[in-house]
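Here's the structure, in structure tokens; my notes come after.
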Amino acid sequence: MPAVSKGDGMRGLAVFISDIRNCKSKEAEIKRINKELANIRSKFKGDKALDGYSKKKYVCKLLFIFLLGHDIDFGHMEAVNLLSSNKYTEKQIGYLFISVLVNSNSELIRLINNAIKNDLSSRNPTFMCLALHCIANVGSREMAEAFAGEIPRILVAGDTMDSVKQSAALCLLRLYKASPDLVLMGEWTSRVVHLLNDQHMGVVTAAISLITCLSSKNPDEFKTCVSLAVSRLSRIVSSASTDLQDYTYYFVPAPWLSCKLLRLLQCYPPPEDGAVKGRLVECLETILNKAQEPPKSKKVQHSNAKNAILFEAISLIIHYDSEPNLLVRACNQLGQFLQHRETNLRYLALESMCTLASSEFSHEAVKTHIETVINALKTERDVSVRQRAADLLYAMCDRSNAKQIVAEMLSYLETADYSIREEMVLKVAILAEKYAVDYSWYVDTILNLIRIAGDYVSEEVWYRVIQIVINRDDVQGYAAKTVFEALQAPACHENMVKVGGYILGEFGNLIAGDPRSSPLVQFNLLHSKFHLCSVPTRALLLSAYIKFINLFPETKATIQEVLRSDSQIRNSDVELQQRAVEYLKLSSIASTDVLATVLEEMPPFPERESSILAKLKKKKGPGAVSVELEDGKERGELNGGGDRGGDAAIAASNASTPSPSADLLGLRSAAPVSGATPSAGSLLVDVFSEAGPAATSAGVNDDGFLRFVCKNNGVLFENQLLQIGIKSEYRQNLGRMYLFYGNKTSVQFVSFNTTVSYEIKSRILNVQTKTVEPLVEGGAQVQQVINIECLTDFIDAPLLNIKFRYGGALQNISLKLPVTINKFFQPTEMAAADFFQRWKQLSQPQQEAQKIFKASHGMDTEVLKAKLLGLGTALLENVDPNPENYVCAGVIQTKAQQVGCLLRLEPNAQAQMYRLTLRSSKDTVSQRVCDLLAEQF
Amino acid sequence: MIKAILIFNNHGKPRLSKFYEHYNEDTEQQIIRETFHLVSKRDENVCNFLEGGMLIGGSENRLIYRHYATLYFVFCVDSSESELGILDLIQVFVETLDKCFENVCELDLIFHVDKVHNILAEMVMGGMVLETNMNEIIIQVDAQNKMEKSETFIFQSPRQDR
């Protein structure tokens, strides 16, 4: 007899469902649902008290509507009423509603807690189970607070029914997972462990999940479970159990429980007790033996159940990793499965073998299956299986078979599914690097990789090949030749152009002897790709060109011509324009020696962990884990031994003040993913006015404030997303500042908003800003003008606060605007006599501020003069009797008053010290200007 | 742990959804759609396991499914579960439904959502397997039906009800 007879459903519900099913369109369905929702709502709100049956019917309708994907925002109170009923049918539907619809809605939980408490203490097993289910389904902290104390008692009480015990075990597990601090096992530990011995298999099945979880968290407290689990397993496996009841499933005794027991044992090392261990090994052998026996049934359920146990046993064997005999048997068994006609088994076998490959006992045995695995990669119809095959190839790869495996993976890449290409590319790149004996093979492999799957080659991969080529001089000529050949292809991937541009720029000279790859041929080849490339690549190519000028003076005229063309020197992209301008200038004014120094070959990169490996680890494939294990062993050989690494480190430390060329090509291995190259101050401001091109490079700087004391233009701030340039001009007590916000990404910023705030209450500065447009398109720049009026002298600068959303994430940046009191200086020229007269007039102690400090930059005369002029004062010549000293004069213009100001700077080149003296008619001004200026030298 | 149990038909219409982790309603619906999309495009006779969709945890989780006539039964589980074990569990679930409804078909699941939930609750609780023995499960379901029968006379006649 069927347990549910078909006629006893609720008619109203059936009619409603039929209506829905007959709806011809989505609209009709929604209309019908809305009608029903209105009906139910009015019934629930109506004056007539509904009987239990109606409530149940309506709640069922709501459940159905919810299943169809519509929000249900009422009916909860009716459900709570149903749940508190004494009738089973009503209670049951109330609980169902709560468990399906309620996501730890705390208001409601408080309402049902009382009803649950009543049911738990009702001694009616059905009601108790319903209550336990509800607690487990909601699993909130409030639930744990209310019931975590009660449930262990129910679980171990002698008079609790088996079905209730099962529910209690899992309920407790759920609460423990959600709020481990609230579930205190202490006194219950031993009784819970002994549930493994329970007569009722169902109780053991439920309890073992709880015990496994608790053991993995507190292995020591629960370690007695090991021997109990072994003996229980042994009884099942040897069919000595008399208590199997109906737990034999398609001729396999208690498969589910066996799997769980084997899982539990994986929380622990092999048993120390010899007898226990012996018994366990016997079990594992029996399981392996059974796999070879003919099946007792043709049904797939039989083999599934049997193999479920087998795979868990193999997992345990791999986990112990101490029984060579068992490991090899396991490997052979998996080898059989690799060719099994059941796809599921092939899949699982490939997966298990992956972990087996990292064991030293079985690594060789796994390798014998290489042909089968390669075949699987080629022929499996199912992408999930092919993926496992690729993982396994990766895991079994070592020096002996690397070339074969890499070649197979490369050829697979040509047809691989899009979903797994990126991961495959990373794996090939890692294997190629790790097992490269000759680096020409490595270079070939990576270039092939770019050729086959260029779109999936992330920056890490091509950065890495360049690092390796730079660090290994034996491969540089070969690399130059190979990229030159690869670039001949009419359509080559942009990543290839990047690698090509970089390598030819560095090592093009190594192949320039051959007339087929003469300097001009190389240049023309690179330049033929230029117009097809994106901005970052073009920027890289421009750098390659300037390097060409250094490597091959004969290309100078041609390249200068290219740089001088409007499409470069007037390019709308500031980065490209700046490079073109700078490189053109550099190539025309610098002597050959200077050029050679600036454009020197890149120094070797310091050895660090491969960024590709780091990326793969992030992806967390099962294969990635196993390579980590081996990584320690192999590290030393990665790049040709330690002494080489040492060289690199020394070279790097010698170059502690990076040579100006260091970031010319914008290649930093540690550079974040952003496509933009680190720019050397993208705004076209005083790049050549200071000591060297590197001096103004802003880099990432969160307080650019002090750098702007002596200059008005430059890059105030830059991070991966945003660059803020600044241009400002001052006259008398007024200033105007232009801020340029450049979006460095390709994604638009939304809700872009800037505010300038000035904290001090008394009005010292008058700051007016115009708001900017809230949308900044990718790559675009917006401008904002700020007008400033200086009312009286001040110390604190206004704060600029920038907020915007980038890809959903709110960005918030606060900067000090570089408005300092010296900006309002009017230079004052005066003769020596006047100067000394005024100096003497300002002789009160508070009118003078003095600082003696160490030079933190070079003490070059021209630089010092430029800075003093940048301060806004007049630099007075022939005033100080000591020609080494500098004196300056100026008047600070504020709305309230004018403050005359005299300055004397005495450098001591020998001691690398300065003495700075300020005198002015206002003490705060003397102090402030002195403080600001002291930071500049 | 079992993260979710989903049943939908060949057209992606959900027939049962049970989540053992909390998601909001929208996400649940998206997960159902995503899962249907992943599972339905697979050929018959390929393997029954695949990596979960992005919404339900990506490669951390695995989808284990079986396709019976018009219905897909999909269990989304984490790495602590045995794949073949779950496959058997799906079989037990279906066999149990078959016993309870006598040749279960899609319509039974539609018109008796509450019963299906009750049967499932006897097997899986809070994402953990409670009972795997079909006879035990049916004993519990029978007991519930008996209690229900004993209460029916209290209800009004179903005829006037709409």
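The basis for the numbers below is simple: all heavy atoms, side chains too, and nothing from hydrogens, waters or symmetry mates. First the proteins, then the strands, lettered A, B, ... as listed; each starts at 1.
Heavy atoms closer than 4.5 Å to chain A are found in the side chain of B:Leu87, but not in its backbone. Of the atoms belonging to A:Thr212, not a single heavy atom falls under 4.5 Å from chain B. Interface remark: A:Cys129 contributes no atoms to any contact with chain B (heavy atom separation under 4.5 Å). Heavy-atom distances place the side chain of A:Gln92, and not its backbone, under 4.5 Å from chain B. Proximity to chain B (any heavy atom under 4.5 Å) is restricted, for A:Tyr249, to the side chain, taken from C-beta onward. Residue contact with chain B, scored on non-hydrogen atoms closer than 4.5 Å, involves the side chain of A:Arg21 exclusively. Residue A:Leu132 touches chain B through both its backbone and its side chain, counting heavy-atom pairs closer than 4.5 Å. At a 4.5 Å heavy-atom cutoff, A:Phe97 makes no contact with chain B through either its backbone or its side chain. B:Gln30 does not touch chain A: none of its heavy atoms, backbone or side chain, sits under 4.5 Å away.
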Decide side chain to side chain contact (heavy atoms under 4.5 Å, CB included) for A:Ile211 and A:Leu264; before the verdict, give the C-alpha distance in whole Å, the side-chain angles of both, and the deciding distance to 0.1 Å.
CA-CA 8 Å; A:Ile211 295 167; A:Leu264 171 59; 4.2 Å; yes
From CA spacing to verdict: ring pair (Phe, Tyr, Trp, His ring centres under 6.0 Å), A:His133, A:Tyr95:
CA-CA 9 Å; A:His133 262 114; A:Tyr95 271 119; 9.2 Å; no
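Ring-plane geometry between B:Phe36 and B:Phe8 is classed as perpendicular, the angle between the planes exceeding 60 degrees on a 0 to 90 degree scale with a lower cut at 30. Using bins of under 30°, 30° to 60° and over 60° for the plane-to-plane angle, the ring pair A:Phe127/A:Tyr88 lands in the parallel bin.
In terms of heavy-atom pairs under 4.5 angstrom with chain A, the leader among B:Ser17, B:Gly127, B:Ser80 is B:Ser80. Taking B:Asp88, B:Leu16, B:Asp43 one by one and counting their heavy-atom pairs under 4.5 Å with chain A, the maximum is reached by B:Asp88. Heavy-atom pairs under 4.5 Å with chain B were tallied for A:Pro125, A:Ala305, A:Cys259, A:Ala206; the largest tally goes to A:Ala305. Per-residue counts of heavy-atom pairs under 4.5 Å with chain A were compared for B:Gln140, B:Glu131, B:Met134, B:Lys146; the largest is that of B:Glu131. No other option in A:Val383, A:Thr205, A:Leu96 has as many heavy-atom pairs under 4.5 Å with chain B as A:Leu96. The residue among A:Leu348, A:Ile93, A:Thr126 with the most heavy atom pairs within less than 4.5 Å of chain B is A:Leu348. Contacts with chain B were tallied for A:Ile135, A:Leu173, A:Asn137; A:Asn137 has the most, counting heavy-atom pairs under 4.5 Å. Interface check for chain B: of the options A:Leu67, A:Val385, A:Ile17, A:Leu345, the most heavy-atom pairs under 4.5 Å are formed by A:Leu67. Comparing B:Asn45, B:Leu89, B:Val113 by heavy-atom pairs within less than 4.5 Å of chain A, the highest count is held by B:Asn45. Ranked by heavy-atom pairs shorter than 4.5 Å toward chain A, the options B:Met1, B:Arg15, B:Lys18, B:Gln144 are led by B:Gln144. Counting heavy-atom pairs closer than 4.5 Å to chain B, the top residue among A:Cys213, A:Ala207, A:Ala254, A:Ser167 is A:Ser167. Considering only heavy-atom pairs separated by less than 4.5 Å from chain A, the leading option among B:Thr132, B:Leu50, B:Leu130 is B:Leu130.
Aromatic pair B:Tyr65/B:Phe75: centroids not less than 6.0 angstrom apart.
Applying the 6.0 Å contact sphere to CG of A:Asn86 captures no more than 12 heavy atoms from other residues, nucleotides or ligands. Counted within 6.0 Å of NE2 on B:His37, heavy atoms from surrounding residues, nucleotides or ligands total 12 or fewer; the atom is thus considered open. The environment of B:Lys13 atom NZ is sparse: at most 12 non-hydrogen atoms of other residues, nucleotides or ligands sit within 6.0 angstrom.
Side-chain contact, A:His70 with B:Gln29: no donor N or O sits under 3.5 Å from an acceptor N or O. In this structure, a donor-acceptor pair under 3.5 Å is present between the side chains of B:Tyr68 and B:Gln91.
Contact between A:Ile151 and A:Ala168 at its shortest, heavy atoms only, is CG2-O, 3.5 Å. For the pair B:Gly52 and B:Leu63, the tightest heavy-atom approach, listed with the atom from each and the gap, is CA-CG, 3.8 Å.
Annotation: side chain of A:Arg263 is in contact with side chain of A:Glu312 (closest heavy-atom distance under 4.5 Å).
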